[in-house]
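So you know, we letter chains A, B, ... as the sequences are listed, proteins then strands, and number each from 1.
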2 protein chains.
Amino acid sequence: MLTKKELEEFCENARENYLAHISIDCVVFGFHEGLMKVLVLELKNGGEWYLPGGFLLKKEPIEEAANRILKERTGLDEIFLQQFHVFGDPERSKEHFDAYKDMVPAKDNWFTNRFLTIGYYALVDFCETNPAADQFSALCSWCDLNDLPELKLDHALILKTALDTLRLQLNYQPIGYNLMPKQFTMPELQKLYETILDKKLDRRNFQRRMLGFGILNRSEQPRKGGAHKAPYLYSFDLENYEAALKEGFKGGW
Amino acid sequence: MLTKKELEEFCENARENYLAHISIDCVVFGFHEGLMKVLVLELKNGGEWYLPGGFLLKKEPIEEAANRILKERTGLDEIFLQQFHVFGDPERSKEHFDAYKDMVPAKDNWFTNRFLTIGYYALVDFCETNPAADQFSALCSWCDLNDLPELKLDHALILKTALDTLRLQLNYQPIGYNLMPKQFTMPELQKLYETILDKKLDRRNFQRRMLGFGILNRSEQPRKGGAHKAPYLYSFDLENYEAALKEGFKGGW
DNA sequence: TTACAATTGTGTCAATAAGACACTAAGATT
DNA sequence: AATCTTAGTGTCTTATTGACACAATTGTAA
C-alpha cells in the first residue's frame, strides 16, 4: 500500500501519461534447476504480492507496453510475449479501490477507476534475468510455481489462466527456445516439459518425438566435465523453430 | 458516418454511460446452405461496413456486454461467445478520429479517444437469428465469408484473427452445437467442418472420428422425404459435449 | 419396370504414430 | 574391478490415421 504522498504523486503522473481503465499484467515464466519459476513483486510495506504489471502510455502499442514493463523488471529486451486474456470483472480491483478511496478525491484518484487488465505471459531465460523492483516494491524475485505467496487482486486467476494457456500451447507449438540457455541436453529439455506439464514423460519416447519435430541441432561435442556419461548438447534450429511456431505441429484434421 | 447532431447526442450519452477507451467487436459466425456466414453492419450513409460492436457500460462485466451487444443484433441470448484477442494499435481508429474530430470539441468527443477493442467470436444457429440494425446502421445482415465487403478500421484483421482462432480450436474442442440445428445428418456436420477448415475431408474417416468423440446421439429414424438414401439424424449429447468442451480432446502429451 | 445417377452407410487394409520396455555405454565412487 | 548413476539407442506392440471399395436406398430418365 502507498502513502498519501506517494499516491498523490502517482495519480497526477498517471492521469497525464497513461490511458485510463487499462492495465497490463505479466506472468513471467522461468525455469531453473528443474523448477518452474514465476516473477513476483512484494510491495514495500510487506506482505502484499503481485504479478509485475503497469499501465499503457497514451499512444503506446499494447505489445510495446508489455515489453517496456518487462524490460524494467527483468532487464531483458525482445522477450517472448503472448497476450492471452483480458480480465475485466468490475470488482476485480476492489481491494485497491477500498484502500485508496479516502486518500485522494475520487476525481483525481487513479485507483478509484475501474481497470481492465490485459494478461501477457512471457517465457524467459532464468539465468539472463536481473529482477528489479519498481518504485513501489521492496522486492522483485523468482518464486517456485509450487510455492507461491498468496497473490492480491485477481492475480492468482491470471496466473492460473496463463499456465493453462501455456500447457495448451505445448500441444501445437514448439516451446523452449525462450526458456532454455543456448545449449542444453535432451534430459534438460525433457525436464522443462515435465515441469510445465507436471507429469513424468518417457525418456526415449520424448527424444524420438522431439527429434521428429526437426527443430533441434545436435552439437558434435558432448558436454564434458560433469559426472556420469557425457550427454550431447543441442541447440534450436531457429529457422525451423520459427516455421513450426507459425504453422503449428500437425493439426488434428 | 454520423451527422453532427447524432454525434453530439451520442457523445454525451457515451461519456455518461460507457467506460472510455474500450470497445467490443464481435465476429458472429453462422452456417447456412453449406456456406460460412458472418454478420456485418452497413452504416446509414452507405458503403461503410463494420463488424457488430459496442461499448462497455461503466459497471458491466465484459462478457455481459458482449452478450448484450449480440442480443441487440441477433435477437439471441446465451450465445456461445469466446474472447480471443485485444486489438490496440494506437492508430487503429484513425478513420473515425479524422472523420469526427472537427464536428465536436475534442474534450467532449468520444471518437477522438483512443480505443482498444476486445474481440469476441460467436457461433450461432443461422436459422434462429433475426439480424437487426442499430441506431446508426441501415442494415445488419449475413455475408458469405468468401464474399465480404471491405470492412472499415481494422475489422478485416479482427475477422481473420477470429477465423484462425476458430480453426485452431477445432483441433481440441468440439464445435457445432452452436452452429447446427437440433438435428442434423453426418454429411451436414461434415460440411460444417469442411467449410470452417476450407478443406475436403474423407466421408468415412470423418464419421469414424466424430463418433469416436462420443458426443453424438443417433436417432432411430432416418430423415425421410429427401431424394436419395435416407440419412440418419444425429443430435449432440449435451452432457458429453460439455465435458469435451472443458477437457478438450486428447492433448498431444 | 428397369437402368442409372446420386447419396449414404459400413468395412478393410496399410502406413504411421504412440506407448511400453531393455540393453549398452561412459564417467565417478568405492 | 565392481558398482552406481546417467545417457544413448532399438524393438515390439498397440492405437490412430489415411486411403480406398462396395453395398444399400431413393428419385429420375429411358
Side-chain angles (χ1 to χ4, degrees), chain A residues 33-34 167 170-174 176 180-181 183-195 197 199-235 244 247-253, chain B residues 33-34 170-174 176 180-181 183-195 197-235 244 247-253:
Chain A
E33 292 181 344
R167 283 180 179 154
L170 225 50
N171 287 320
Y172 56 88
Q173 283 198 335
M180 301 295 284
Q183 294 210 306
F184 48 88
T185 68
M186 192 61 79
E188 285 166 356
L189 184 59
Q190 179 177 342
K191 189 77 192 166
L192 169 65
Y193 274 75
E194 291 181 337
T195 305
L197 293 166
K199 183 200 283 193
K200 282 259 164 261
L201 300 173
D202 183 276
R203 211 160 53 83
R204 300 148 278 195
N205 296 338
F206 177 82
Q207 165 144 335
R208 179 180 14 155
R209 178 160 181 178
M210 212 62 204
L211 292 176
F213 293 151
I215 57 172
L216 292 179
N217 290 322
R218 184 160 92 174
S219 138
E220 298 293 313
Q221 296 303 322
R223 168 177 296 172
K224 292 183 178 172
H228 316 300
K229 175 169 181 175
Y232 285 103
L233 284 169
Y234 292 86
S235 58
E247 298 170 26
F249 297 140
K250 67 138 191 203
W253 293 96
Chain B
E33 291 180 346
L170 225 50
N171 287 321
Y172 55 88
Q173 283 199 335
M180 301 294 286
Q183 293 210 308
F184 49 88
T185 68
M186 193 60 79
E188 284 166 356
L189 183 60
Q190 180 178 340
K191 188 75 193 167
L192 170 65
Y193 274 74
E194 290 182 336
T195 305
L197 293 166
D198 196 22
K199 183 200 282 193
K200 283 259 164 264
L201 300 172
D202 183 277
R203 212 160 51 85
R204 299 148 277 193
N205 295 339
F206 177 83
Q207 165 144 335
R208 180 181 22 167
R209 181 160 179 178
M210 212 61 204
L211 291 176
F213 293 151
I215 57 172
L216 292 180
N217 290 321
R218 184 159 91 174
S219 138
E220 298 294 314
Q221 296 305 321
R223 167 176 298 171
K224 292 182 179 172
H228 316 299
K229 176 167 182 177
Y232 284 105
L233 284 169
Y234 292 87
S235 57
E247 298 171 24
F249 297 138
K250 68 138 190 205
W253 292 94

Gap between atoms [atom1] and [atom2], on [X] and [N] respectively (whole Å):
X	N	atom1	atom2	result
B/Arg203	D/dT17	CZ	P	19 Å
A/Lys200	C/dG19	NZ	C1'	17 Å
A/Gln207	C/dA20	CD	P	18 Å
B/Lys229	D/dC22	NZ	C1'	11 Å
A/Phe206	C/dA20	CZ	P	16 Å
B/Arg204	D/dA24	CZ	P	17 Å
A/Asp202	D/dC12	CG	P	17 Å
A/Phe249	C/dA17	CZ	C1'	15 Å

*What heavy-atom pair brings B/Leu192 and B/Gly176 nearest, and what distance separates the two atoms?*
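Between these two residues, the closest heavy atoms are CD2-CA, 3.8 Å.
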
*Nearest heavy atoms of B/Asn205 and B/Arg208, plus distance in Å*: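 So the minimum-distance heavy-atom pair works out to OD1-NH2, 2.6 Å.
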
*asked:* Classify the ring geometry of B/Phe206 against B/Tyr193: parallel below 30°, tilted from 30° to 60°, perpendicular beyond 60°.
replied: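 Rings of B/Phe206 and B/Tyr193: perpendicular, over 60°.
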
*Just one of B/Lys199, B/Lys200, B/Arg204 clears the salt bridge (Lys or Arg N to Asp or Glu O under 4.0 Å) bar with B/Asp202, so which one?*
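That would be B/Arg204.
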
_For a quick check, tell me whether the side chain of A/His228 and the base of D/dT5 share a donor-acceptor pair closer than 3.5 Å._
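Under the 3.5 Å cut-off, the side chain and the base do form a donor-acceptor pair.
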
*Could you tell me whether the side chain of A/Arg208 has a donor or acceptor atom within less than 3.5 Å of a complementary atom in the base of C/dA18?*
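Looking at the base of C/dA18, it does pair with a donor or acceptor on the side chain of A/Arg208 (distance under 3.5 Å).
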
*For DNA chain C, whose closest nucleotide is more 5', that of A/Asn205 or that of B/Leu211?*
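Its nearest nucleotide lies further toward 5', so the answer is B/Leu211.
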
